[in-house]
Amino acid sequence: PGLYDLTFNAFDRHGAASDPMNLTISVLNVGPDLWNTAAMPPAGVNDGTSQVVLSVQAYDGNGMGNVSANLTSIGGNSDVMMTQVGTTDTDETTTTVSTLIPVGMVTIEFTGRDALGAENTTTLDLQVTDNKMPLIDGATITPAGGIYNDGTHQGTITVTARDTDG
């Protein structure tokens with residue numbers, strides 16, 4: 001990136017030359033390429049303790065500055081610095097999902113910054129789940145004495161269950 005002066009000359013086959021023409025061009029810096037967002041496991045449990053590893057690949061020809069994740073959608077901080085995995089293009093962070101986050105889909109935003117300060121963003125949709133079991137409150141059989149296997153009598157089995165978190 002920066003300003004560059006170019007000079008152009010034209011020559012014919014007899015050796016005659018034109019007057020030089022000068023041109024200044026501006027090469028702009030753009031943010032890094034970000035791709036291959038992932039979560040392992042692919043869903044986050046909203047129990048505040050189960051870990052999920054978030055990752056993104058990032059590259060910039062000017063050199064990478066850093067990659068961060070905005071984790072506010074899962075109850076975290078807005079600018080969590082990610083760690084480069086060895087010498088690869090992959091950056092990752094390990095986090096948890098707050099117990100206050102409801103079951104459903106949330107979006108995590110990643111921001112990559114190159115060594116010259118240019119930024120780019122990408123997102124990851126993360127499914128939030130829970131690990132709370134539904135509860136069975138009871139079961140009844142009608143008629144109360146049981147169900148006949150004679151093919152003519154009918155009976156009903158009723159089971160009552162509830163899911164405490166929806």
Side-chain angles (χ1 to χ4, degrees), residues 1-10 19-139 158-166:
L3 294 175
Y4 296 90
D5 293 320
L6 303 176
T7 302
F8 299 95
N9 293 298
D19 290 332
M21 181 178 128
N22 296 315
L23 178 66
T24 300
I25 63 168
S26 177
V27 177
L28 303 175
N29 184 28
V30 295
D33 292 325
L34 301 173
W35 74 98
N36 201 23
T37 60
M40 186 54 66
V45 179
N46 63 358
D47 63 4
T49 59
S50 298
Q51 294 186 335
V52 60
V53 178
L54 304 174
S55 64
V56 61
Q57 289 185 277
Y59 175 79
D60 192 277
N62 294 315
M64 285 300 300
N66 59 58
V67 179
S68 65
N70 181 339
L71 302 180
T72 56
S73 64
I74 57 171
N77 293 325
S78 63
D79 195 27
V80 175
M81 288 299 138
M82 300 180 74
T83 303
Q84 183 178 4
V85 179
T87 58
T88 69
D89 291 335
T90 302
D91 287 76
E92 67 181 22
T93 190
T94 301
T95 189
T96 61
V97 179
S98 167
T99 58
L100 302 176
I101 304 303
V103 170
M105 193 70 70
V106 297
T107 300
I108 307 287
E109 182 177 80
F110 299 100
T111 301
R113 295 166 195 85
D114 71 13
L116 301 176
E119 294 184 353
N120 193 15
T121 62
T122 192
T123 60
L124 166 71
D125 289 331
L126 178 70
Q127 180 66 47
V128 174
T129 63
D130 67 33
N131 57 4
K132 297 174 187 162
M133 298 182 301
L135 303 172
I136 297 177
D137 293 323
T158 303
V159 178
T160 305
R162 60 189 160 99
D163 189 355
T164 59
D165 62 351

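We use all heavy atoms of the structure for the numbers below, so side chains are in, but hydrogens, waters and symmetry mates are not. A quick note: this is a predicted structure, and the numbers were derived from the prediction, not measured.
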For [X], all residues meeting side-chain hydrogen bond (donor to acceptor under 3.5 Å, both in side chains), sequence neighbours excluded:
| X | value |
| --- | --- |
| T107 | D125 |
| N70 | T72 |
| T7 | N22 |

Side chain to side chain donor-acceptor pair (under 3.5 Å): pairs with one or both residues in residues 32-41, sequence neighbours excluded = W35-Q57, N36-Q57
List for me each residue that meets side-chain contact (heavy atoms from CB on, under 4.5 Å) alongside [X], sequence neighbours excluded, and say none if there are none.
| X | result |
| --- | --- |
| V30 | none |
| L23 | F8, I25 |
| A115 | none |
| T94 | Q51, V53 |

After noting the C-alpha distance and the side-chain angles of I74 and S98, does the key distance pass the side chain to side chain contact (heavy atoms under 4.5 Å, CB included) rule?
-> CA-CA 6 Å; I74 57 171; S98 167; over 6 Å; no
Looking only at non-hydrogen atoms, find the nearest pair between [X] and [Y] and report the distance.
| X | Y | value |
| --- | --- | --- |
| I101 | G75 | CD1-N, 3.8 Å |
| A39 | L126 | CB-CD1, 3.7 Å |
| T129 | A43 | CG2-CB, 4.0 Å |
| T99 | G48 | CG2-N, 3.9 Å |
| A139 | V159 | CB-CG2, 4.1 Å |

Enumerate the residue pairs fulfilling salt bridge (Lys or Arg N to Asp or Glu O under 4.0 Å) with a member in [range], sequence neighbours excluded, ordered by first and then second residue.
| range | value |
| --- | --- |
| residues 84-95 | none |
| residues 53-68 | none |
| residues 105-121 | D79-R113, R113-E119 |

With sequence neighbours left out, write down each residue that passes salt bridge (Lys or Arg N to Asp or Glu O under 4.0 Å) with D5, or none if nothing qualifies.
->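 With neighbours one apart ignored, the set is empty.
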Measure the shortest side-chain to side-chain distance between [X] and [Y] over non-hydrogen atoms and say whether it is less than 4.5 angstrom.
| X | Y | value |
| --- | --- | --- |
| V106 | V128 | yes |
| N29 | N62 | yes |
| T83 | T93 | no |
| M64 | P32 | yes |
| L124 | V56 | no |

More than 12 heavy atoms from other groups under 6.0 Å of [atom1] on [X]:
| X | atom1 | value |
| --- | --- | --- |
| M40 | CE | no |
| I136 | CD1 | no |
| D19 | CG | no |

What is the distance from atom OG1 of T123 to atom CD1 of I108, rounded to the nearest 0.5 Å?
->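 Going from the OG1 atom of T123 to the CD1 atom of I108 covers 10.0 Å.
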In Å and rounded to the nearest 0.5 Å, what is the CD to OG1 distance from Q84 to T90?
->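 Between atom CD of Q84 and atom OG1 of T90 there are 8.5 Å.
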Heavy-atom donor-acceptor pair, N77 side chain to V80 backbone, under 3.5 Å =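 Looks like no, no N/O pair under 3.5 Å.
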With side chain to side chain contact (heavy atoms under 4.5 Å, CB included) as the test, would you mind laying out the steps for V52 and T95 before giving the verdict?
-> CA-CA 6 Å; V52 60; T95 189; 3.7 Å; yes
What do the steps show when you test L54 against L71 for side chain to side chain contact (heavy atoms under 4.5 Å, CB included), and what is the final call?
-> CA-CA 10 Å; L54 304 174; L71 302 180; 3.6 Å; yes
CA sep, side-chain torsions, deciding dist, call: D47, V97, side chain to side chain contact (heavy atoms under 4.5 Å, CB included) | CA-CA 7 Å; D47 63 4; V97 179; over 6 Å; no
